[in-house]
Amino acid sequence: MKRQQIAAGNWKMNTTLKEGVRLASAVAKNTKTGNALVILGTPFTHLASVKQVIKSNKRVKLAAQNCYEKESGAFTGAISVDMIKSTGADYVILGHSERRAIFGETDKLIAHKIDLVLSRKMKPIFCCGEPLDVRKAKKHKTLVSQQVRKGLFHLSEADFKKVVIAYEPVWAIGTGVTASPEQAQEMHAHIRKIVAKKYGDKIANKVTILYGGSVKPANAKELFSQTDVDGGLVGGASLDAKGFGAIINSF
Ligand code: PGA
C-alpha cells in the first residue's frame, strides 16, 4: 500500500527570523519533484513569516514544535493551538524526547495535546523513542509500545488516521550516531504491528512512520529504503538548505 512519504525538518531553537525565512525560501524553491511532502518545523516566532514564503508550493507544509496544553488564558509566555493554527501551520510536533526529558512532559500530557491539535484540524507528528540504557537493557520495544499506546491509542480510527508517527531513538538524536537501517526497520515494523493490533491492518499499513536521529544526506537513502520507514524527522541536517534538499531527494 502506498503511504505518504515525508521529509520533516525540526529546526529546534535555531535560526533568527531572517535566517529562518531565507532557509524556508531556499527549501521551497528546491522542492520540485516526487510525491513526498516536506514539513518545516520552525520556532513559533517564524511560523507566520515562513508560511508566506512556502504557501505557493503545495508540497511544503508548516509545523510548530510544540503547543501549550491550555486553550487560552493567563499563561504568560505560552502558545496555544489556536495561535498556531492562525499562522497557517498544518502540523504540530508533539512528544519530542527533548520535551519529555528537559520539560518533563508525560505520556498523559502528550495525549492531551494530541487531542487539542486534532480538535483544531491540525495534524500531530507524534514522537517516541528509547534512551540508550533502555536499549541496552533490551526494553526498547516495551517502552516504545507504551509511549505509542499511552499517547495515541485513545484516538478514534478517524483521528488516528491523521497522525504521523516519528520513531526517534534518544541515543541517536544530535549525537551523530544513527540507528542502523536494520534497527530502524525493526522498530518501525514493531510499531506498525501494534497499530495493526489496535486499529487493523488497513490503517496500520497507511500510517506514516518517520525515523529521526542524525539523519544526513549520506544515510537518508538507505534509511528511507527500508520497508517500514516512510521518511525522516531531521534536526541538525535540516538547517542547511542544500543538505536538506539532498535528504528530500533521497526517496
Ligand atoms: P537530529 O535531530 O537529526 O539533529 O539528530 C532529530 C530530532 O531531534 O528530531
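Worth knowing before you read on, the calculation uses all heavy atoms, side chains too, and leaves out hydrogens, waters and symmetry mates. Counting convention: from 1, in listed order, for ligands and their atoms alike.
- For ligand 1, residues of the protein lying within 4.0 angstrom by heavy-atom distance are N10, K12, H96, E168, A172, I173, G174, G213, S214, L233, V234, G235, G236.
- Y199 and F153 have their aromatic ring centers within a separation under 6.0 angstrom.
- Residues that satisfy the salt bridge (Lys or Arg N to Asp or Glu O under 4.0 Å) test with R192, not counting sequence neighbours, are D228, D230.
- Listed by chain and residue number, nothing satisfies the side-chain contact (heavy atoms from CB on, under 4.5 Å) test with S86 (two or more places apart in sequence, or in another chain).
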When the side chains of residues 5-12 are checked against the rest of the protein, which donor-acceptor pairs come out under 3.5 Å, sequence neighbours left out?
| unit_1 | atom_1 | unit_2 | atom_2 | d |
| --- | --- | --- | --- | --- |
| N10 | OD1 | K12 | N | 3.1 |
| K12 | NZ | E98 | OE2 | 2.8 |

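- For Q146, the CD atom is densely surrounded, since the number of other residues' heavy atoms within 6.0 Å is greater than 12.
- Remark: side-chain polar atoms of T87 are not paired, donor with acceptor, to backbone N or O of A48 under 3.5 angstrom.
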